[in-house]
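Here is the structure we will look at, set down as structure tokens.
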Amino acid sequence: MSINLTTELFGYTLQSPVILGSGPISYGAEGIIRAHKAGIGAVTTKTIRDKKADNPFPHIAFNGSNSLINAEKWTDFPAEQWVEEEIPKAKEGGAVVIGSIGHTPEEVEHWVGPVDRAGADMIELVSYMPETIASMTAKAKKLTGKPVIVKLSPNWTDPVQAAKDVLNAGADGITAMDSIGPVLRINIRTARPMLGGEHGYGWLTGSAIKPVIVRYVAEIAVITDKPIIGIGGVMNPEDAVEMLMAGATHVGVCTAPILKGVEYIGKLNTGIAGLLQDLGYVSLADVSGAALQNLPKDEIMEKFSFHFHRDTCTACMRCVQVCPYDARTLSEKKEMDLNEELCRYCGLCTTVCNPGALKGEIR
Ligand SMILES: Cc1cc2nc3c(=O)[nH]c(=O)nc-3n(C[C@H](O)[C@H](O)[C@H](O)COP(=O)(O)O)c2cc1C
């Protein structure tokens, strides 16, 4: 039986647990509706502020390996346009709309009411400054009866403390998290930065940031039962399931549909359902937080045991190549040998084995 990906978020029924994060695809109603038709659960608008953004040129670059850097600011539409045209049109198109509002308490005061009345189903708050996010949350809660989700930044000194603060201020859910930066890439052909932002700086997203985000999601999941949208580096069904296992109830994507096209959302949905089934999970609720009980409080000081399946081995030699201690050899006949005196049980060889022929099993 296939897993049902329909999920609830604050009483709204979503067609998928995958949510489009605030970014270039949600630039306006057209993009939002395209994502909705591709099978997304809900769409977060590009961040709405008092003044529309003027972006530097260029402001998005491919960073290789399923990753981007960007110096794109908030929405380049006036806030009034969102309220009068884009949000009502996106709602007519059938999308579940999360209105993203930033970045100051004053802007919360100005736009939470109008964005709510324009038809947004929920509000997401985003700030560059951790010291303002709790007061923005409290203010927003006074201005709307709709759910208020707060987006946290991995660039803050203590995002987990920020999560506690916004939950105390009444946040209904958490989006974890935003892009990481500033970072710098240089085009070596021109000796110029790849982006046209101040100092050439940009912000990193996609695969490169996933381990940071998964770690914070796991830390936040143990302090709240409220919904957590885990966003950062989800590029395929495996990433989505990892984010859920860390304690996310929903999974956000931004870089994936940019690099792979909006239509990839449908494939991501099908892939998540198939993968959960293969892994033996019966529902989304079943997998959310599944890894939390396995995160050890103390270091594991017992060596694991290696298992080698010769028939699955493709003799690619990666395990031999990456061993810093020259402890592993593989003969032409695929006979694996491990010099236990040299081996430090670092485990790297088991993690580079693509076909899964070499495994480490914690005793
Ligand atoms: C080009 C670009 C523009 C973005 N603009 C916004 C924005 O306006 N507001 C916001 O809250 N997040 C913005 N983000 C951050 C994403 O919503 C998301 O948190 C981040 O990209 C991590 O997810 P990902 O690895 O799936 O891309 C932007 C990301 C990208 C790549």
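In what follows, residues are counted from 1 in the order of the sequence shown. Ligands are counted one by one from 1 in listed order, and the atoms in each one are counted from 1 as well.
- Residue, atom and distance of the protein heavy atom nearest to atom 18 (C) of ligand 1 are I231 CD1, 3.7 Å.
- Protein heavy atom at the shortest distance from atom 3 (C) of ligand 1 is E72 OE2, 3.4 Å.
- Ion pairing between a basic and an acidic side chain is recognised when a charged N comes within 4.0 Å of a carboxylate O; K73 and D54 show no such pairing.
- For the pair E219 and R215, the salt-bridge criterion is met [side-chain N within less than 4.0 Å of a carboxylate O].
- Residue contacts with ligand 1 for D178 involve both N, CA, C or O and side-chain atoms from C-beta outward (heavy atoms, distance under 4.0 Å).
- Within the 4.0 Å heavy-atom shell around ligand 1 one finds M177.
- Side-chain N or O atoms of K141 include none that pairs as donor or acceptor with a backbone N or O of V148 at under 3.5 Å.
- Heavy-atom proximity to atom 21 (O) of ligand 1, evaluated over V234, I258, T205, is greatest for T205.
- Close contacts of ligand 1 with K73, meaning ligand atoms under 4.0 Å from a residue heavy atom, involve 8 (O).
- Ion pairing between D121 and K91 holds under the 4.0 Å rule for side-chain N and carboxylate O.
- If you check which protein heavy atom lies closest to atom 12 (N) of ligand 1, you get K151 NZ, 3.0 Å.
- Judged purely by distance below 3.5 Å, without hydrogens or angles, the side chains of W82 and T45 never pair a donor atom with an acceptor atom.
- Heavy-atom contacts of P24 reach the following atoms of ligand 1: 1 (C), 2 (C), 3 (C) (cutoff under 4.0 Å).
- Remark: the S22 side chain and the T44 side chain contain no N/O donor-acceptor pair separated by less than 3.5 Å.
- Contact analysis leaves K210 out of contact with ligand 1, as no non-hydrogen atom separation drops below 4.0 angstrom.
- If you look at N70 next to ligand 1, the close heavy atoms, those under 4.0 Å, all belong to the side chain.
- With E107 as the fixed residue, the salt bridge (charged side-chain N to carboxylate O under 4.0 Å, His left out) test singles out one of K51, R49, K139: R49.
- Q15 and T6 form no side-chain donor-acceptor contact under 3.5 Å, judged by distance and modelled atom types alone.
- Ring pair Y128/H103 is tilted by interplanar angle, where 30° to 60° counts as tilted.
- Under 3.5 Å, the side chains of S65 and S207 contain no donor-acceptor pair of N or O atoms.
- Between G206 and ligand 1, an N or O atom pair is found at a separation short of 3.5 Å.
- Ligand 1 is approached by G232 to a heavy-atom distance shorter than 4.0 Å.
- Between V126 and ligand 1, no pair of N/O atoms sits closer than 3.5 Å.
- Nearest protein heavy-atom neighbour of atom 5 (N) of ligand 1: K46 NZ, 2.7 Å.
- When hydrogens are left out, the protein atom nearest atom 27 (O) of ligand 1 is T255 OG1, 2.5 Å; that is the closest non-hydrogen contact.
- Of all protein heavy atoms, the one lying nearest to atom 9 (N) of ligand 1 is T47 OG1, 2.7 Å.
- No hydrogens or angles considered: a donor-acceptor pair under 3.5 Å links the side chains of N63 and R185.
- Distance from atom 26 (O) of ligand 1 to its nearest protein heavy atom, with residue and atom name: C254 N, 3.0 Å.
- Ring geometry for F304 versus F306: interplanar angle over 60°, hence perpendicular rather than tilted (30 to 60°).
- In terms of protein heavy atoms, atom 16 (C) of ligand 1 is closest to S22 O, 3.3 Å.
- At least one N or O atom of G233 sits closer than 3.5 Å to an N or O atom of ligand 1.
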